[in-house]
Amino acid sequence: MTHKQRTSLIRREISESYANLKLRYPILKEQNAIGFAIFFLAAGLSLLMGYLWYVDIVPAWILILVNAFLFGVLHELEHDLIHYMYFKENKFVHNIMLFGVWILRPLTLNPWFRRTLHYHHHRFSGTLHDIEERGVTNGEKWSLKRLLFTPDLVVGNLLRLYSLFGDIKREVKNGNLKYETAHKIKLYGFLGLIPLTIISHVILYIFTADLLVQFLNANFATQIVFPEFLTSIIDYTNPLIYIILLPNLLRQFCLHFITSNLHYFGDVEKGNVIEQTQVLNVWWTFPFQLFCFFFGWTHAIHHFVVNETFYIRHIARKKAHEVMKANGIRFNDLGTFKRANRYHEIKS
């Protein structure tokens with residue numbers, strides 16, 4: 001079969017499994033109610049954990065781990081919202097939910113701008129102008145630099161801006177991308193960082209610098225004095241750092257590590273969904289998966305059947321994996337780490 005025939009078969013069988021699941025459990029058809037309940041519970045529990053930490057009932061490490069997991073759930077919910085899975089006809093509730101999941105995950109892009117980048121990702125997954133995936137290190141050779149900047153959308157993207165914009169310019173010149181589209185995705189990628197994403201990253205940069213200064217002073221008898229105005233910023237934002245930012249830093253590292261290595265890049269045949277992703281669920285990725293709600297297990301399914309919720313993907317993943325494996329979707333292709341996420345072997 002051609003890749004289009006195999007894609008059609010995968011989509012049909014996965015969609016049928018979803019329909020059968022909803023026939024057996026009609027409550028799953030209550031999509032809006034389920035989505036809002038997940039939003040309310042995850043947001044409420046994360047704030048409760050913050051309060052318990054603030055009054056010294058819960059230690060910081062438990063707060064960070066639990067909230068990282070909860071924010072991973074909210075990321076999946078945001079992804080569904082970007083695809084208009086909940087309250088499509090009720091824009092007020094839809095946008096309230098979208099704002100809520102963003103404000104609790106402020107290291108990410110503004111979701112209203114990200115929607116454009118994400119739709120572009122689905123249309124051009126794995127290409128030089130797939131700006132969403134390239135923004136999380138997809139396609140780069142593995143190195144200490146990639147590891148350090150895996151969760152970083154500000155300095156990390158500044159470092160890759162020259163090559164990214166150069167590739168986009170060449171894609172326009174070669175007729176692979178319209179000029180208007182190129183301008184839009186570059187503009188939205190920049191606007192999506194303003195102001196919340198940049199401010200949140202800067203706070204973490206200051207916090208990290210302060211920790212480094214304390215470490216040097218304590219272990220090497222240095223007497224570095226951290227500027228008082230920066231210290232006051234840390235003191236003022238301390239609850240925000242521990243309740244929101246540090247859990248999100250952990251969550252974002254895990255998500256970007258998983259997503260950038262399950263998506264292929266650079267040599268994906270145009271329109272070939274078979275070559276866009278793999279299922280990445282090897283045992284040693286479990287700690288990463290835990291804080292991005294097992295993204296590596298199910299995201300490849302999403303590339304075939306886009307308009308279905310994340311919890312349905314999880315419930316029905318066994319059948320989806322069976323049909324995907326039978327039709328050539330890769331599972332745990334760890335060679336992607338050596339190939340800078342190329343689908344094919346790199347010729348020497």
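- Between Tyr264 and His344, a ring centre-to-centre spacing not shorter than 6.0 Å is recorded.
- In this structure, Thr108 and Arg251 have side chains that are in contact, with non-hydrogen atoms separated by less than 4.5 Å.
- Formation of a donor-acceptor pair under 3.5 Å by the Asn110 side chain with backbone atoms of Leu191 is not found in this model.
- Remark: Phe286 engages Phe294 in a ring pair (Phe, Tyr, Trp, His ring centres under 6.0 Å) (not counting sequence neighbours).
- Taking the six-membered ring wherever Trp is involved, the centroid distance between the rings of Tyr86 and Phe36 does not fall below 6.0 Å.
- In this structure, the ring of Trp142 has its center less than 6.0 angstrom from the ring center of Phe257.
- When the side chains of ILVMFWY residues are joined at heavy-atom separations under 4.5 Å, either directly or via intervening members, Tyr311 and Leu41 end up in two distinct hydrophobic clusters.
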**Study point:** Derivation of the side-chain hydrogen bond (donor to acceptor under 3.5 Å, both in side chains) call for Asn67 and Trp53
**Key:** CA-CA 11 Å; Asn67 274 9; Trp53 164 79; over 6 Å; no
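- Side chain of Arg317 to backbone of His314: a donor-acceptor contact under 3.5 angstrom is found.
- Side-chain rings of Phe69 and Phe291 stay apart, their centers remaining 6.0 Å or farther from each other.
- Using a 3.5 Å distance cut-off with no hydrogens or angles, the side chains of Thr259 and His263 do pair a donor with an acceptor.
- Considering only residues two or more places apart in sequence or on other chains, Arg12 meets the side-chain contact (heavy atoms from CB on, under 4.5 Å) condition with Ser8, Leu9, Glu16.
- Looking at Glu30 and Lys22, no side-chain N of the basic residue comes within less than 4.0 Å of a carboxylate O on the acidic one, giving no salt bridge.
- Checked by atom type and distance alone, the side chain of Arg342 never pairs as donor or acceptor with a backbone atom of Asp267 at under 3.5 Å.
- In the hydrophobic clustering (ILVMFWY side chains linked at under 4.5 Å, chained through shared members), Tyr119 is joined by Ile82, Tyr84.
- Partners of Thr336 by side-chain hydrogen bond (donor to acceptor under 3.5 Å, both in side chains), not counting sequence neighbours, listed by chain and number: Asn341.
- The nearest pair of heavy atoms linking Leu280 to Leu262 is CB-CB, 4.2 Å.
- Within the structure, ring pair (Phe, Tyr, Trp, His ring centres under 6.0 Å) contacts touching residues 98-118 (residues at least two apart or in different chains) are His79-His118, His83-His118, Phe113-Tyr188, His118-His121, His118-His122.
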Check your understanding: Can Arg339 and Asp333 be said to form a salt bridge (charged side-chain N to carboxylate O under 4.0 Å, His left out), step by step?
Key -> CA-CA 11 Å; Arg339 301 192 305 268; Asp333 170 22; 2.5 Å; yes
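- Put simply, CD1 on Ile329 and NE2 on His321 are 10.5 Å apart, with the number rounded to the nearest 0.5 Å.
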Exercise for review: Using the salt bridge (charged side-chain N to carboxylate O under 4.0 Å, His left out) rule, take Arg114 and Glu132 through it: C-alpha gap first, then chi angles, then the decisive distance, then the call.
Suggested key: CA-CA 8 Å; Arg114 185 189 164 215; Glu132 182 177 66; 3.0 Å; yes
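- For the atom pair CG (Leu48) and CD1 (Ile57), the distance works out to 9.0 Å, reported to the nearest 0.5 Å.
- Of the N and O atoms on the side chains of Arg146 and Thr137, at least one donor lies less than 3.5 Å from an acceptor on the other residue.
- Centroid-to-centroid, the aromatic rings of Phe124 and His129 come within less than 6.0 Å.
- Formation of a donor-acceptor pair under 3.5 Å by the Arg160 side chain with backbone atoms of Gly135 is found in this model.
- By the 4.5 Å heavy-atom criterion applied to side chains, Ile315 and Leu21 are counted as neighbours.
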Under 3.5 Å, side-chain donor or acceptor atoms of residues 234-246 against the rest of the protein: list the pairs with distances, not counting sequence neighbours.
residue, atom, partner, partner atom, Å
Thr237, OG1, Ile233, O, 2.7

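- Looking only at side-chain heavy atoms (C-beta outward), Arg105 and His75 come within less than 4.5 Å of each other.
- Counting heavy atoms from C-beta on, the side chains of Thr298 and His302 never come closer than 4.5 Å.
- Between the side chain of Gln289 and the backbone N or O of Gly296 there is at least one donor-acceptor pair closer than 3.5 Å.
- Side-chain contact between Asn32 and Met85 is absent, with no heavy atoms from C-beta onward closer than 4.5 Å.
- Geometrically, Arg330 engages Tyr343 in a cation-pi contact defined by less than 6.0 Å to the ring centre and at most 45° from the axis.
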